[in-house]
Amino acid sequence: MSQSNVEKFLKRNTDPNDYVLQEKIHRYLDFRKIYNKLGQSIKTDGAVIVVENGKQSYSVINPAISEKEKINNQMLKLEKEISLQVQHNEKTTSQTAPNQPSDKSKGGLV
């Protein structure tokens, strides 16, 4: 199974040793799969479905719509938590340049 661009970005820009963050990312990616499947279900079945109960038949809003909304809310919360971690990670990596002289060394001309 190929990785999505989102998954590649998250793996490239997060600390693989931060197990809590990796669990959040895994949960977020699982939610994305469910979210996409619910979207496909809505496209296939439509926004309104017909329910048959014995001799009765009536139209109701597709329950996948409300489930998709719940999943979306959970994804937004996780995105916020993950993005804070990613921004923190980007700041710490950009603050330490690879060839930056240490504070103890004499910089410049001697």
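Note that the structure is predicted; figures quoted are calculated from it, not measured. Sequential numbering from 1 along the given sequence is applied to the chain's residues.
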Main-chain N/O of Q40 paired with T44 side-chain donor or acceptor, under 3.5 Å: yes

Rounded to the nearest 0.5 Å, the CD1 atom of I25 sits from the CD1 atom of I82 at a distance of 5.0 Å

All heavy atoms of R32 vs all of S4, minimum pair found to be NH1-OG, 3.2 Å

Flag yes if more than 12 heavy atoms outside E23 fall under 6.0 Å of its CD atom; otherwise flag no. yes

Considering non-hydrogen atoms only, spot the tightest contact between E52 and S57 and give its length. CG-CB, 3.9 Å

Specify the closest pair of heavy atoms between L78 and R27, including all atoms of both residues, with the distance to one decimal. CD2-NH1, 3.9 Å

With a 4.5 Å cut-off on side-chain heavy-atom distances among I, L, V, M, F, W and Y, is there a chain of contacts connecting V6 to L38? yes

I'd like to know if E81 and K77 make a salt bridge, using a cut-off of under 4.0 Å between side-chain N and carboxylate O. no

Of all heavy-atom pairs between Y35 and M75, which one has the smallest distance, and what is that distance? CB-SD, 3.9 Å

For E79 and Q74, indicate whether the former's side chain and the latter's backbone hold a donor-acceptor pair under 3.5 Å. no

Is there a side-chain contact between I49 and P63 in this structure, where contact means two heavy atoms from C-beta onward sitting under 4.5 Å apart? yes

Specify the closest pair of heavy atoms between I42 and A64, including all atoms of both residues, with the distance to one decimal. CG1-CB, 3.8 Å

So, do V60 and V48 sit near enough that their side-chain heavy atoms are less than 4.5 Å apart? no

Strictly distance-based, threshold 3.5 Å: is any side-chain N or O of N13 a donor or acceptor partner for the main-chain N or O of F9? yes

For the backbone of G46 and the side chain of N62, can you confirm whether one donor and one acceptor N or O come within less than 3.5 Å of each other? yes

I34 atom CD1, neighbour heavy-atom count above 12 within 6.0 Å: yes

Between D18 (side chain only) and L21 (backbone N and O only), is there a donor and an acceptor less than 3.5 Å apart? yes

When rounded to the nearest 0.5 Å, the distance separating NZ of K24 from CZ of F31 is 13.0 Å

